[in-house]
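Below you'll find the structure, written out as structure tokens, and then a few comments.
The shown structure was predicted, so the numbers you read here are calculated from the model rather than taken from an experiment.
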Amino acid sequence: MHDEIVEQQADITRLLLHHVHAPVTGTHFIRGILPISAPSAVIRVVLGEAGAYTPDELIAYEIPLQWDDEPATAQDITAVLRTLVTGTHIYSSDHITQVMGMALVRVEPSALDTPGPTTDDRALGILRCFTQPYTEEKPSLLLRGFCLLDEDRLRLYLHAAEAPEAVAVDVRPSNATTAWLASLPSLLDEEQYWTEDDSDPHCTRVVNLTGW
């Protein structure tokens, strides 16, 4: 079950990355995807306007990875997000909390009147079959999620095959990426870069590579 959750979170993250630039709907963009450790079969998607970084500008939605005993797809997640940000929704207090300073809403997909994927969603799925074909071989580091912490600080949630949980890696998009990308597997084990972020429950530790 643990490996299945990790791979499903990584697949959903990969397939939703384009919504960093393309809105889910209207002015709502994905500003982060936060992985939850097993046995919780959920994923958290952070929405906000383009250029939003501060917690009070963002809302995280916690969405189950299983619906009616079927695995949720990236298209399912997108459809739920569109439903959540259109119209008015009233949530009970036990469904709202906070994480990393932002509001967190626990979603029950069965309580929503969610339309199916649009024809554009399905067309995108077809195109991806050719540009991003499925393969059984997984990369040594799976991207389980990410978070845009500020204008020049990106947090990556990475999962190594031998690791029990995700490790967060903070980088600066403005820096050259070639050096740290090539050295990343070994850098994860160098304690000089380790730090803590008590506000972030989505990782075992933070590796600060913002100086690279």
Handout entry: Step-by-step side-chain contact (heavy atoms from CB on, under 4.5 Å) determination, V46 to M100
Key = CA-CA 11 Å; V46 180; M100 298 173 69; over 6 Å; no
Practice task
Quick one: do V171 and T210 satisfy side-chain contact (heavy atoms from CB on, under 4.5 Å)? Show the steps, please.
Solution key: CA-CA 4 Å; V171 298; T210 55; 5.7 Å; no
Practice task
Give the C-alpha distance, both sets of side-chain angles, the deciding distance and a yes or no for side-chain contact (heavy atoms from CB on, under 4.5 Å) between I59 and L84.
Solution key: CA-CA 11 Å; I59 299 179; L84 290 169; over 6 Å; no
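Hydrophobic clustering of Ile, Leu, Val, Met, Phe, Trp and Tyr side chains at less than 4.5 Å, counting indirect connections, unites V107 with L16.
Note: H159 and H2 have tilted aromatic rings, judged against thresholds of 30 and 60 degrees for the angle between ring planes.
To the nearest 0.5 Å, atom CD1 of residue I5 and atom CD1 of residue I43 are 11.0 Å apart. Atoms CD1 and CG, on I77 and L65 in that order, are 6.5 Å from each other to the nearest 0.5 Å. If you take CH2 on W194 and CG on N208, they are separated by 14.0 Å, rounding to the nearest 0.5 Å. Taking CG of L58 as the reference point, atom CD1 of I30 lies at 12.5 Å (rounded to 0.5 Å). Separation of atoms CG (L149) and CG (L154) is listed at 7.5 Å; rounding is to 0.5 Å. The line from OG of S40 to CD of E62 is 7.0 Å long, rounded to the nearest 0.5 Å.
Side-chain atoms of D197 and R155, non-hydrogen and from C-beta on, do get closer than 4.5 Å to each other. The side-chain heavy atoms of H95 and E108, taken from C-beta on, include a pair separated by under 4.5 Å. For the pair E191 and R205, the minimum side-chain heavy-atom distance is 4.5 Å or more. When side chains are defined from C-beta on, R44 counts as touching R106, because their heavy atoms get closer than 4.5 Å. In this structure the side chain of L124 reaches within 4.5 angstrom of the side chain of H18, judged on heavy atoms. Side-chain contact check for R14 versus L143: every heavy-atom pair is 4.5 Å or farther apart. A heavy-atom distance below 4.5 Å is not found between the side chains of L158 and L142.
Within a 6.0 Å sphere centred on CD of Q192, other residues, nucleotides and ligands contribute more than 12 heavy atoms. Summarising the local packing, CG of D94 is surrounded by more than 12 heavy atoms from other residues, nucleotides or ligands at distances under 6.0 Å. Counted within 6.0 Å of CD on E49, heavy atoms from surrounding residues, nucleotides or ligands total 12 or fewer; the atom is thus considered open. By the 6.0 Å contact criterion, CD on E57 is enclosed, its count of non-hydrogen atoms from other residues, nucleotides or ligands being greater than 12.
The backbone N or O of Q75 lies less than 3.5 Å from no partner atom in the side chain of D121, so there is not a single donor-acceptor pair. With hydrogens and angles ignored, the 3.5 Å screen pairs a side-chain donor or acceptor of T83 with a backbone N or O of A79. Side-chain atoms of R82 come within 3.5 Å of backbone N or O of V24 as a donor-acceptor pair. Between the side chain of Q9 and the main chain of I36, a donor-acceptor pair closer than 3.5 Å is present.
Residues Y157 and F146 share a closest heavy-atom pair of CD1-N, 3.4 Å.
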